[in-house]
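Quick notes on the structure that follows.
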Number of protein chains: 2
Amino acid sequence: MNSSVLTAGAWQQSEEAVVPDHLCSRCPRGRFCLPLGLPLDEAQRLDSVMRIGRVMQTKQYLFHAGEPLKALYAVRTGAFKSTAIDCDGYEQVIGFQLPSELIGLDGVHAGVHQCSVSALTVSSVCIFPYKALMEMTSDVSTLARQLMRLMCKEINGNMAVIGDYMAEERLAAFLLGLAMRVHPRGELSTRVVLPMPRADIANHLRIAGETLSRVLARFQGQGLIELDHRVMHIVDLDGLEHVSRRVPPASL
Amino acid sequence: MNSSVLTAGAWQQSEEAVVPDHLCSRCPRGRFCLPLGLPLDEAQRLDSVMRIGRVMQTKQYLFHAGEPLKALYAVRTGAFKSTAIDCDGYEQVIGFQLPSELIGLDGVHAGVHQCSVSALTVSSVCIFPYKALMEMTSDVSTLARQLMRLMCKEINGNMAVIGDYMAEERLAAFLLGLAMRVHPRGELSTRVVLPMPRADIANHLRIAGETLSRVLARFQGQGLIELDHRVMHIVDLDGLEHVSRRVPPASL
DNA sequence: TGCCGGCTTTGATCTGGATCAAGAGATGCA
DNA sequence: TGCATCTCTTGATCCAGATCAAAGCCGGCA
């Protein structure tokens, strides 16, 4: 066993970390990733299925919409965005995936991916070949339940984008959501590195880039956040939560 | 067997019809209602479970949000609306239910209804006590699959309300959706009686009542529809579809 | 028959956010 | 090191739709 110990945040975002070993049952993220809730012996069965993906460069695609579902992926390091093409041919940013989050559920229903997923920064993933995973679920019912749970979460997760909230509410909810997800299942972190460009955030929230920029400036003026390029500090958590109050929590 | 024969539209909307008998396996709507796709012998098993509800008066509630799920309901005659209360205490119209459509799926997940459902006109329903229904699904797998199908449909059905479509697109999609649903699974009917007041439509589509009124006027001016109070004729189907083109079909 | 209270339409004005336009930092590359 | 490009911010203007306000219109009821 590798003796290096990871601190809670060591593997998050841009701070690359050496993973102690390549087993779900030993992974420091494991408690919050696909093996969440699995008893140790079942988590160990995941080890035999999981493979480590090659390092992915910025803008490199994990898969494209229309391709058959071959595997599910868990983000190991970095960040991804999933996009779809709308009926007028414009790209829609469906969502972002941070470390320990699952990618590929969009392809489960039809067996074909509905979105394209690309890396926002240098990133890496764990690969769970879908066929092998499904074979496991038949006798590991906890895993099946966990997959269902993650699907529901995915469905709910996009609630903030829908509804007719205004730009401030959407953005506040989005920033809080990110802050919650940086430490998965841990408490909210007040320092967040935004791994995506402004344009992607604006697209995802369905507001113009200019509006995003202005609302961010307003939030800073109101002392809700401090922002230096991609690095955000949440200064007034309660204030930010109050702005987003109308948007349902949408997270689990 | 009752010898009276119903024409395709006889039971729809305000035209009250005598139902030949009170069995799912004999019901003229059955082909498009809960028993859809069930082999005859399994449809007959539904008969033993189904009960006929009393006539419901306008504005009378079928159930309220927060009440435990006791039964699923199929609309027999009339129309219903389902509503929820948002975080500011305002009523949100979630959707409308027309004859042969199922009511109560909102309570399946939590065992407690998430919406309140009330009659828009004098209406009647078929009642399927949930417990008995669930006991059936365990050995009638077709029924379980049908229930899943209807749930997915319900989830998809509200897609038009989300997304950032403009008032014209939303409304065109809504009117087309109604026209499709009046003859369930049959072809679209060009004459539709809107069973709900304008205010409910506006609330559901998240536009102001005044905007709704103006867009309806515009549609008439453009020769897309003709409208006399609650009675709508679709004049230019292709035109209406073109206006709604950006909104995903959302129906099955 | 005439009045009252819901609905629905129509008009005037206001506003959040989009769009257009231009400048200011960053970042990359030769 | 300097130019080109991309990203982000800031300012000006425009527009869809909300809001405010005031009629019509209809059905119910005394």
Side-chain angles (χ1 to χ4, degrees), chain A residues 14 57-59 81 86 88 90-93 120-122 161 163-175 193-222 225-232 243-244 246-247, chain B residues 14 57-59 81 86 88 90-93 120-122 161 163-175 193-222 225-232 243-244 246-247:
Chain A
S14 54
Q57 298 305 314
T58 301
K59 295 189 179 175
K81 72 168 171 180
D86 75 9
D88 294 331
Y90 293 108
E91 183 180 278
Q92 298 291 324
V93 176
L120 286 163
T121 66
V122 173
V161 185
D164 61 346
Y165 308 108
M166 42 192 111
E168 288 197 348
E169 297 170 334
R170 283 162 138 73
L171 180 57
F174 175 76
L175 296 177
V193 177
L194 308 176
M196 68 293 280
R198 300 278 193 275
D200 281 346
I201 301 179
N203 181 318
H204 178 55
L205 299 179
R206 294 165 182 272
I207 60 181
E210 295 90 331
T211 302
L212 172 64
S213 196
R214 276 183 257 265
V215 177
L216 282 174
R218 206 181 309 155
F219 281 180
Q220 288 183 87
Q222 295 167 331
I225 61 172
E226 278 167 16
L227 194 54
D228 177 32
H229 300 96
R230 296 274 181 105
V231 180
M232 174 179 71
V243 174
S244 75
R246 280 171 37 81
V247 183
Chain B
S14 53
Q57 299 303 315
T58 301
K59 294 190 180 175
K81 72 168 169 179
D86 75 9
D88 294 332
Y90 294 109
E91 183 179 280
Q92 297 291 325
V93 177
L120 286 164
T121 66
V122 173
V161 184
D164 61 346
Y165 308 109
M166 42 192 113
E168 288 195 348
E169 296 170 335
R170 283 161 140 72
L171 180 56
F174 175 77
L175 295 178
V193 178
L194 308 175
M196 69 293 281
R198 300 279 193 275
D200 282 346
I201 300 178
N203 181 318
H204 177 56
L205 299 179
R206 294 165 182 269
I207 60 181
E210 295 89 331
T211 302
L212 172 64
S213 195
R214 276 182 259 265
V215 177
L216 282 174
R218 205 182 311 155
F219 281 0
Q220 289 183 86
Q222 294 167 332
I225 61 171
E226 278 167 14
L227 193 55
D228 177 30
H229 299 95
R230 296 275 183 102
V231 181
M232 175 180 71
V243 174
S244 74
R246 281 172 35 82
V247 183

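Residue numbers start from 1 in every chain, and the chains themselves are labelled A, B, ... in the order their sequence lines are given, proteins ahead of strands. These numbers were taken from a predicted model, which means no experiment stands behind them.
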| request: Scan B/Ala208 against the nucleic acid and name what it touches under 4.0 Å (heavy atoms): base, sugar-phosphate only, or nothing. | output: base
Are the side chains of A/Arg218 and A/Glu168 in contact, using a 4.5 Å heavy-atom criterion?
yes
Rounding to 0.5 Å, atoms CG (B/Leu175) and CG (B/Leu216) come to a distance of 6.5 Å
Under a 4.0 Å heavy-atom cutoff, the residues of residues 214-222 of chain A touching DNA chain C are A/Arg214
Under a 4.0 Å heavy-atom criterion, DNA chain C is touched by chain B from C/dT8 to C/dA12
Rounding to 0.5 Å, atoms OG (B/Ser244) and CZ (B/Phe174) come to a distance of 13.0 Å
CZ of B/Arg214 to CG of B/Leu171, rounded to nearest 0.5 Å, is 14.0 Å
Between CG of A/Asp164 and P of D/dA18 the distance, given in whole Å, is 9 Å
Rounded to whole Å, the CZ-P distance (B/Arg230 to D/dC25) equals 18 Å
Separation of D/dT7 atom C1' from A/Leu227 atom CG, nearest Å, is 13 Å
Sorted by position of nearest nucleotide on DNA chain C, 5' first, the leading residue of A/Met166 and A/His229 is A/Met166
To the nearest angstrom, the CZ-C1' distance between B/Arg170 and D/dA18 comes to 13 Å
OP1 or OP2 of D/dC8 sitting under 4.0 Å from any side-chain N/O of A/Ser213? no
d(A/Leu194 CG, A/Leu120 CG) to nearest 0.5 Å is 11.0 Å
Separation of D/dA16 atom C1' from A/Arg206 atom CZ, nearest Å, is 17 Å
| query | Is any side-chain heavy atom of B/Val243 less than 4.5 Å from a side-chain heavy atom of B/Phe219? | reply | yes
When rounded to whole Å, the CG to C1' distance for the pair B/Leu212 and D/dA18 reads 14 Å
Output for pair (B/Glu226 CD, B/Gln220 CD), nearest 0.5 Å, gives 7.5 Å
Note to self: Categorize B/Ile207 for me: base, sugar-phosphate, or nothing, with a 4.0 angstrom heavy-atom threshold over every strand shown.
What the structure shows: sugar-phosphate
Should A/Arg170 and A/Val247 be marked as a side chain to side chain contact (heavy atoms under 4.5 Å, CB included) after you check the CA-CA gap, both sets of side-chain angles, and the distance that decides it?
-> CA-CA 7 Å; A/Arg170 283 162 138 73; A/Val247 183; 5.9 Å; no
One should read off an interatomic distance between A/Asp164 CG and A/Arg246 CZ, to the nearest 0.5 angstrom, of 6.5 Å
To the nearest angstrom, the CD-P distance between A/Glu210 and D/dT10 comes to 12 Å
